[in-house]
Enquirer: 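Submitted below is the structure of interest, expressed as structure tokens.
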Amino acid sequence: MASQILNGLTVAMLVTDGFEQVEMTEPRNALDEAGANTRLVSPKDGQVKAWDFTDWGETFPVDVLLESARPEAFDALLLPGGVINPDNLRTLPEAVAFVKAFFDAGKPVASICHGPWTIIETGGASGRRLTSWPSLRIDLQNAGAEWVDQEVVVDQGLVTSRKPDDVPAFNREVINLFASTRDQSRHLGAE
């Protein structure tokens with residue numbers, strides 16, 4: 001059994017229809033096993049439908065509707081990829097504001113594949129070293145990021161990975177970052 005290193009930590013997972021299924025389910029399982037409380041946040045009420053590599057995947061219940069989600073109720077944020085999901089989220093002012101609130105508060109953020117598209121809209125990519133699906137390289141560079149082709153990159157409270165094959169390394173670094181950030185908050189007297 002995995003240790004409960006993230007006990008008491010609440011993680012928002014922002015998605016809408018078309019997120020890459022494995023990029024939500026595997027990190028969610030790893031976070032839950034480490035003791036975190038993961039919550040699917042979505043602008044869509046009821047259920048969201050995943051994309052499973054080449055076709056539609058499973059549906060998942062939405063835990064918190066985006067319009068009522070408060071960033072201060074969460075300790076960290078995870079942004080799964082897929083092409084459809086982040087392309088839609090980055091066009092929604094309320095989704096961009098939700099993500100930006102995590103960067104503004106210095107809370108940890110994790111993003112994989114096309115997920116950094118939403119981060120670009122917040123200004124959070126500027127000045128950071130990160131990775132993504134290769135087709136986002138120019139978008140991220142134009143947003144002021146240093147893009148690298150590595151399975152996982154951790155920089156200034158942000159963990160990024162390129163694709164589903166990187167999920168094991170992504171999960172490891174997400175748990176490490178979320179745990180270290182929580183430990184720092186506890187030392188400062190915040191919880």
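In this chain, numbering begins with 1 at the start of the sequence shown. We use all heavy atoms of the structure for the numbers below, so side chains are in, but hydrogens, waters and symmetry mates are not.
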Enquirer: Quick check: is Val109 connected to Phe19 through a chain of hydrophobic side chains (ILVMFWY, heavy atoms under 4.5 Å apart)?
Expert: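 Different hydrophobic clusters.
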Enquirer: What are the two closest non-hydrogen atoms of Glu20 and Pro164, and how far apart are they?
Expert: CG-CG, 4.3 Å
Enquirer: Would you check if His114 and Ser135 make a side-chain contact, meaning some heavy-atom pair closer than 4.5 Å?
Expert: yes
Enquirer: Would you list the atom pairs, donor with acceptor, under 3.5 Å between side chains in residues 56-67 and any protein atom, with sequence neighbours excluded?
Expert:
{"unit_1": "Glu58", "atom_1": "OE2", "unit_2": "Gln21", "atom_2": "NE2", "d": "3.1"}
{"unit_1": "Asp63", "atom_1": "OD2", "unit_2": "Arg28", "atom_2": "NH2", "d": "3.0"}
{"unit_1": "Asp63", "atom_1": "OD2", "unit_2": "Leu40", "atom_2": "N", "d": "2.7"}

Enquirer: Any side-chain heavy atom of Thr160 within less than 4.5 Å of one from Ile112?
Expert: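 Side chain of Thr160 against side chain of Ile112, heavy atoms only: no contact under 4.5 Å found.
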Enquirer: Take Leu9 and Asn37 through the side-chain contact (heavy atoms from CB on, under 4.5 Å) test and state the conclusion after the steps.
Expert: CA-CA 6 Å; Leu9 196 81; Asn37 175 22; over 6 Å; no
Enquirer: How far apart are the closest heavy atoms of Trp51 and Gly18, and which atoms are they?
Expert: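 Smallest interatomic distance, heavy atoms only, reads CB-O, 3.7 Å.
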Enquirer: Please lay out, stage by stage, how Val41 and Phe74 fare under the test side-chain contact (heavy atoms from CB on, under 4.5 Å).
Expert: CA-CA 11 Å; Val41 177; Phe74 299 96; 4.0 Å; yes
Enquirer: Walk me through whether Ile84 and Asp17 qualify under side-chain contact (heavy atoms from CB on, under 4.5 Å).
Expert: CA-CA 7 Å; Ile84 301 166; Asp17 288 336; 5.6 Å; no
Enquirer: Answer yes if Leu136 and Val154 sit in the same cluster of Ile, Leu, Val, Met, Phe, Trp and Tyr residues linked by side chain heavy atoms under 4.5 Å apart, and no otherwise.
Expert: no
Enquirer: Under a 4.5 Å cut-off applied to non-hydrogen side-chain atoms, are Leu130 and Glu146 in contact?
Expert: no
Enquirer: Measure the shortest side-chain to side-chain distance between Val11 and Leu77 over non-hydrogen atoms and say whether it is less than 4.5 angstrom.
Expert: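 A side-chain contact is absent here, since even the closest heavy-atom pair is not under 4.5 Å.
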Enquirer: To check you understand the geometry: which heavy-atom pair defines the closest contact between Gln4 and Gly35, and what is its length?
Expert: OE1-CA, 3.3 Å
Enquirer: Atom OG1 in Thr131, atom CG in Asp166: separation rounded to 0.5 Å?
Expert: 7.5 Å
Enquirer: Pro134 and Trp147: which non-hydrogen atoms are nearest, and at how many Å?
Expert: CA-CZ2, 3.8 Å
Enquirer: For residues 117-125, dump all side-chain donor-acceptor pairs below 3.5 Å to protein atoms at least two apart in sequence or in another chain.
Expert:
{"unit_1": "Trp117", "atom_1": "NE1", "unit_2": "Asp139", "atom_2": "OD2", "d": "2.9"}
{"unit_1": "Thr122", "atom_1": "OG1", "unit_2": "Ile119", "atom_2": "O", "d": "2.6"}
{"unit_1": "Thr122", "atom_1": "OG1", "unit_2": "Gly124", "atom_2": "N", "d": "2.9"}

Enquirer: Among side-chain atoms of Thr16 and Asn85, is any donor-acceptor pair under 3.5 angstrom?
Expert: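 Looking only at side-chain atoms, Asn85 and Thr16 do not form any donor-acceptor pair under 3.5 Å.
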Enquirer: With rounding to the nearest 0.5 Å, note down the distance linking CG in Leu6 to CG in Asn176.
Expert: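 It comes to 9.5 Å.
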Enquirer: How close do Val152 and Arg172 get, counting heavy atoms only, and between which atoms?
Expert: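 So the two residues come closest at CG1-NH2, 4.2 Å.
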Enquirer: Please give me the minimum heavy-atom distance between Asp87 and Thr91, naming the atom from each residue.
Expert: O-CG2, 3.4 Å
Enquirer: Return the NZ to CG distance between Lys163 and Asp165, rounded to the nearest 0.5 Å.
Expert: 5.0 Å
Enquirer: Taking Ser180 for the side chain and Leu177 for the main chain, is one N or O donor matched with an acceptor at less than 3.5 Å?
Expert: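 Between the backbone of Leu177 and the side chain of Ser180 there is a qualifying donor-acceptor contact (under 3.5 Å).
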Enquirer: Report yes if the side chains of Val174 and Leu31 come closer than 4.5 Å at any heavy-atom pair, otherwise no.
Expert: yes
Enquirer: Working to the nearest 0.5 angstrom, can you tell me the gap between Phe102 CZ and Leu78 CG?
Expert: 10.5 Å
Enquirer: Yes or no on side-chain contact (heavy atoms from CB on, under 4.5 Å) for Ile5 and Ile175, after CA distance, side-chain angles and deciding distance?
Expert: CA-CA 8 Å; Ile5 191 170; Ile175 289 170; 3.9 Å; yes
Enquirer: Would you compute the distance between atom CD of Glu173 and atom CG of Leu158 and round it to the nearest 0.5 angstrom?
Expert: 12.0 Å
Enquirer: Rounded to the nearest 0.5 Å, what separation is found between the CG atom of Asn29 and the OG1 atom of Thr38?
Expert: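 The CG atom of Asn29 sits 8.5 Å away from the OG1 atom of Thr38.
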Enquirer: Do any pairs count as a salt bridge (Lys or Arg N to Asp or Glu O under 4.0 Å) and have a residue in residues 99-118, sequence neighbours left out, and if so which ones?
Expert: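 Residue pairs passing salt bridge (Lys or Arg N to Asp or Glu O under 4.0 Å), neighbours aside: Lys100-Asp104.
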Enquirer: Tell me if a side-chain donor or acceptor on Ser42 pairs with a main-chain N or O of Val15 at a distance below 3.5 Å.
Expert: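 Looks like yes, one N/O pair under 3.5 Å.
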Enquirer: Side-chain heavy atoms nearer than 4.5 Å, only ILVMFWY residues, links allowed to pass through others: does that put Val159 and Val22 together?
Expert: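 Val159 and Val22: separate clusters.
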Enquirer: If we only count heavy atoms from C-beta on, is the Leu79 to Pro86 side-chain gap below 4.5 Å?
Expert: no
Enquirer: Is there a side-chain contact between Arg128 and Phe103, using heavy atoms and a 4.5 Å cut-off?
Expert: yes
Enquirer: In this structure, would Val83 and Val167 fall into the same cluster of hydrophobic residues linked by side-chain contacts under 4.5 Å?
Expert: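 Shared cluster, no.
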Enquirer: Taking side chain as C-beta onward, heavy atoms only, is Met13 less than 4.5 Å from Met24?
Expert: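 Yes, close enough: below the 4.5 Å cut-off.
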